[in-house]
A.B. asks: 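Handing you this structure, nothing more for now.
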Protein chains: 2
Amino acid sequence: MLATVASNSDKQTERLVLALRKRILNGEFSPGERLTELGLVSLLQASRTPIRLALERLANEGLLDVIPSGGFRLRSFGLADIRDAIEIRGVLEGTAVRFAAERLESAEELAQVKRLTLEATMEIPITLEGFARYLETNKRFHRELWRLAKSASLFRELEHACKIPFAAPEALVFGVADLEQSTAFIAAEQHRAIVEAIENREGARAEALAREHSRISRRNLEFALRSKELSNRLPGLTLISNQ
Amino acid sequence: MLATVASNSDKQTERLVLALRKRILNGEFSPGERLTELGLVSLLQASRTPIRLALERLANEGLLDVIPSGGFRLRSFGLADIRDAIEIRGVLEGTAVRFAAERLESAEELAQVKRLTLEATMEIPITLEGFARYLETNKRFHRELWRLAKSASLFRELEHACKIPFAAPEALVFGVADLEQSTAFIAAEQHRAIVEAIENREGARAEALAREHSRISRRNLEFALRSKELSNRLPGLTLISNQ
DNA sequence: GTAGCCAACATTGCATGCAATGCTACAGTG
DNA sequence: CACTGTAGCATTGCATGCAATGTTGGCTAC
């Protein structure tokens with residue numbers, strides 16, 4: 001038995017994917033930097049084979065670029081890339097809620113989203129320690145919307161699209177009290193409207209609402225990039241090159 | 001030097017991905033079947049390491065499912081899955097042409113799509129040997145639309161979404177003369193309209209048109225599934241389970 | 001001084017052995 | 001007859017060695 005704490009899973013590769021992703025999003029590498037297998041061996045306490053596999057996975061998550069002659073480098077994201085990724089997520093979520101509206105069989109299927117809407121709303125007087133819980137509730141709400149679309153294909157694409165840094169709905173609802181509070185109220189109203197639209201089988205309305213809803217992430221992103229304070233609190237922002 | 005024809009690339013893994021994908025889409029495996037590394041060693045004349053890598057890639061293309069206890073199995077597609085995949089492609093292409101309309105700087109950027117539109121139209125009296133050329137032109141037209149969106153993120157997602165069998169725009173424009181001919185005329189008109197919309201910066205119209213355009217693939221798919229004759233010519237159809 | 005070439009080094013791609021784990025089939029027991 | 005336990009087998013996960021290829025830095029020639 002080795003000394004490594006097999007906490008996440010008993011698979012090395014899983015552990016490495018998580019560890020590497022965390023480090024990348026933590027800004028521990030610079031954009032464009034080559035990640036060599038041997039260099040990671042000492043850093044992550046693992047052998048080359050699982051490391052290579054982890055790199056492969058992160059590459060088709062979109063975090064790494066494949067170097068044509070072999071190996072991987074940290075992808076460099078422009079602001080435009082992230083904005084587009086968020087908009088794509090909005091488009092896909094729009095499709096999800098449209099599907100949900102089109103495919104709804106009974107209003108009872110909406111019990112869970114409604115519960116989560118309410119829950120998130122009641123968490124809105126956001127305290128510092130309640131912040132993580134709010135994020136979690138928000139994430140679960142969105143996942144539940146995805147589920148209601150009743151489409152494995154769409155679910156897959158949504159998961160794929162949300163791997164891009166800051167593209168996921170739960171990303172970037174950060175810790176600036178003022179902005180956060182008002183944003184949370186707006187988000188809650190949008191959530192309510194989306195669910196209402198689904199319930200009424202108003203597919204087009206639901207789609208439009210979900211697209212607009214994703215704009216919250218975009219505004220937050222742009223705000224964060226302008227704020228020095230937030231840049232310190234979100235080290236991953238260094239992944240985004242200015243131009 | 002080994003006897004294998006290193007035609008595609010000098011990388012084993014690349015070759016294996018292509019070879020395996022081809023065999024899968026050729027219906028050489030049954031849905032749900034487990035693909036063992038050792039079994040593929042003898043079939044593909046390669047060692048386990050690159051085979052594992054190829055399996056990994058096909059898995060996140062969506063062709064294979066990961067078995068929780070290890071290994072991969074051929075994913076089983078329902079008809080609904082493919083229909084959704086086509087619709088998702090339509091949604092993403094809709095976004096692409098909307099972006100293209102919104103981001104168009106000069107009408108000259110459209111020279112290439114216009115050329116391709118014309119080219120495809122002139123190829124429409126489709127002969128048997130011209131069929132592949134028509135497909136190729138069609139594919140290039142769509143790729144050119146993707147390019148005009150000027151979004152690396154969106155391009156990535158489109159490529160990802162089109163890896164699902166029969167989801168790509170060039171899939172399933174098959175060889176039944178009657179249907180084919182009339183379908184090609186309809187497609188050509190839709191292509192023309194999409195380009196026109198982009199040129200006029202009518203983003204919403206372009207998006208709606210592209211979505212509708214993807215329905216051609218859906219109709220073709222459903223027709224193919226009803227036709228015994230086509231089932232023989234398209235062995236990959238066996239990938240789609242009836243329910 | 002600059003451009004181009006060459007050699008040493010760094011890094012990956014691939015092959016293969018080994019250990020661990022899951023799976024299957026069979027036998028024994030209630 | 002059904003169910004459970006177990007032993008053997010099939011299969012993957014990981015480690016590591018080797019060969020091939022790319023890369024870098026210095027040296028030479030112009």
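Proteins get letters first, then strands, A, B, ... in listed order; numbering begins at 1 in each.
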A.B. asks: Using a strict heavy-atom distance below 4.0 Å, which residues from residues 56-67 of chain B are in contact with DNA chain C?
C.D. replies: none

A.B. asks: Rounded to whole Å, how long is the line connecting atom CD of Glu14(B) with atom P of dG13(C)?
C.D. replies: 11 Å

A.B. asks: Quick one: Ile51(B) CD1 to dG13(C) P, roughly how many Å, whole number?
C.D. replies: 17 Å

A.B. asks: Do Leu239(A) and Ile82(A) touch side chain to side chain, with heavy atoms closer than 4.5 Å?
C.D. replies: no

A.B. asks: Which heavy-atom pair separates Ala54(B) from Leu16(B) by the least distance, and what is that distance?
C.D. replies: CB-CB, 3.8 Å

A.B. asks: State which residues pass side chain to side chain contact (heavy atoms under 4.5 Å, CB included) with Ser42(B); sequence neighbours excluded, sorted by chain then number.
C.D. replies: none

A.B. asks: Among residues at least two apart in sequence or on other chains, which ones pass side-chain hydrogen bond (donor to acceptor under 3.5 Å, both in side chains) with Glu28(B)?
C.D. replies: Arg23(B)

A.B. asks: Detail all sub-3.5 Å separations between protein N/O atoms and N/O atoms belonging to nucleotides 7-12 of chain C.
C.D. replies:
residue	atom	partner	partner atom	Å
dT12(C)	OP1	Glu37(A)	N	3.2
dT12(C)	OP2	Glu37(A)	N	3.1

A.B. asks: What is the distance, to the nearest angstrom, from the CZ atom on Arg73(B) to the P atom on dC23(C)?
C.D. replies: 10 Å

A.B. asks: Who pairs with Thr137(A) by side chain to side chain contact (heavy atoms under 4.5 Å, CB included), at least two apart in sequence or on another chain?
C.D. replies: Leu116(A), Glu119(A), Ala120(A), Glu123(A)

A.B. asks: Does dG13(C) have OP1 or OP2 under 4.0 Å away from a side-chain N or O of Thr13(B)?
C.D. replies: no

A.B. asks: Using the ring pair (Phe, Tyr, Trp, His ring centres under 6.0 Å) criterion, which residues pair with Phe29(A)? Sequence neighbours excluded.
C.D. replies: none

A.B. asks: Given Asp84(A), which of Lys150(B), Arg98(B), Arg156(B), Arg103(B) fulfils the salt bridge (Lys or Arg N to Asp or Glu O under 4.0 Å) condition?
C.D. replies: Arg103(B)

A.B. asks: Do His142(A) and Glu93(A) pair up side chain to side chain, a donor and an acceptor below 3.5 Å, judged on atom types alone?
C.D. replies: yes

